[in-house]
Amino acid sequence: MTTAPSEVVESSTDEEVEADQDSDHPWVTIVWDDPVNLMNYVTYVLQKLFGYSKEKAERLMLQVHNEGKAAVSAGRREQMELDVERLHAHGLWATLQKDA
Amino acid sequence: VAKVRRSGDGAKVTFIEHEVTVLGQLLDGLEQVLVSESSAPVVDADPLVALTGLSSTADDVAVPEDPAVRRLVPDAYEDPIAAAEFRRFTADALLAGKRESLDAVRAGLESLGGAGRLTISATDLDNWVRTLTDLRLVLGVRLGVVQASDIDELDSAPEDDPRRGSYEVFGWLGFLLDELLGTLT
């Protein structure tokens, strides 16, 4: 990702990714770092699609930027496929996989 | 250069004529990329499959040839068969959605009919940031940007580098996108 993050609209909900990670929900959606997408755009998309607070979306965005990837959602496989599709619709590079 | 400011839940953007022309051309180019892929026939590489019409697995679904399309519709799974199956069920809707966003942006630009100030509604603002992102992704692929150091290399490319013009457009799209995202604060 590229350029500095800017402030984005505050969201009311802050559903934790970890909440869904149990044995019945063993799939995760991963967002991968890419050199083109703007950091503040990635934050915008994570807030918009998942209803995350600005703080949580920025934390995940920075994890993608610094570590190369981040798990942005977890749950049933069908839901993760939907999340990946929505992220692709917004130009983010995303995959799903079984949680290790 | 385009001036952007917040206007209610949307934005107002003042374009100079050259920007409207360039953006129109970029949208045409993106539309060709999106349309070419969705209308392309799925070719079975395996002659037996072609002969018999049997295709019990997903691995005969064509992976897009254009690397720009592969970036816009990336693999959802590491496993190529699972990725191909996912692609088969989702790619058309994904590309259609991107065309809808593109059409909304173009409609706004055409309503302007040249230089001037365009009012972008809150709904269209989302279409704008998504389409500007798609334009940058495609241009990034054309410029050979695969890692952050490629951007650094382009930044320090000499004046006569043939990629210079495209890279300036790439930078301008990033500027416009950043400004529009700034109005969402």
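Here the structure is a predicted model, which means the values were calculated and not measured. Every chain is numbered from 1, with letters handed out A, B, ... down the list of sequences.
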Is there any residue in residues 118-134 of chain B with a non-hydrogen atom under 4.5 Å from a non-hydrogen atom of chain A, and which ones are they?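 Within residues 118-134 of chain B, the residues under 4.5 Å from chain A are B:Asp126, B:Val129, B:Arg130, B:Thr133, B:Asp134.
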Residues of residues 141-160 of chain B under 4.5 Å from chain A (heavy atom pairs)?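 From residues 141-160 of chain B, the residues near chain A are B:Val145, B:Val146, B:Gln147, B:Ala148, B:Ile151.
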Is [X] close to chain B through its backbone or its side chain, or both, or neither, when contacts mean heavy atoms under 4.5 Å?
X: A:Asp33; answer: neither
X: A:Ala89; answer: both
X: A:Ile30; answer: neither

Any chance you could measure [X], atom [atom1], to [Y], atom [atom2], to the nearest 0.5 Å?
X: B:Tyr77; Y: A:Leu96; atom1: OH; atom2: CG; result: 4.0 Å
X: B:Asp75; Y: A:Trp93; atom1: CG; atom2: CH2; result: 9.5 Å
X: B:Asp178; Y: A:Leu38; atom1: CG; atom2: CG; result: 6.0 Å
X: A:Asp34; Y: B:Leu137; atom1: CG; atom2: CG; result: 6.5 Å
X: B:Leu184; Y: A:Tyr41; atom1: CG; atom2: OH; result: 11.0 Å

With sequence neighbours left out, what residues match B:Glu78 under side-chain contact (heavy atoms from CB on, under 4.5 Å)?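 Scan of B:Glu78 (side-chain contact (heavy atoms from CB on, under 4.5 Å), adjacent residues dropped) gives none.
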Taking heavy atoms only and a threshold strictly under 4.5 Å, list by residue number the residues of residues 77-85 of chain A that touch chain B; give 'none' if the list is empty.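 Result: A:Arg77, A:Glu81, A:Val84, A:Glu85.
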Is it possible for you to say whether B:Val13 and B:Val1 belong to one hydrophobic cluster, with membership spreading through side-chain heavy-atom contacts below 4.5 Å?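 Yes, B:Val13 connects to B:Val1 through the hydrophobic network.
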Within one Ile-Leu-Val-Met-Phe-Trp-Tyr cluster: B:Ile16 and B:Leu23, side-chain cutoff 4.5 Å: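 B:Ile16 does not cluster with B:Leu23.
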Determine the option with the most heavy-atom pairs under 4.5 angstrom with chain B, choosing from A:Val36, A:Thr29, A:Thr95.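 Most pairs with chain B among the choices: A:Val36.
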What are the two closest heavy atoms between A:Asn37 and B:Arg71, and how far apart are they?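 Between these two residues, the closest heavy atoms are ND2-NH2, 3.6 Å.
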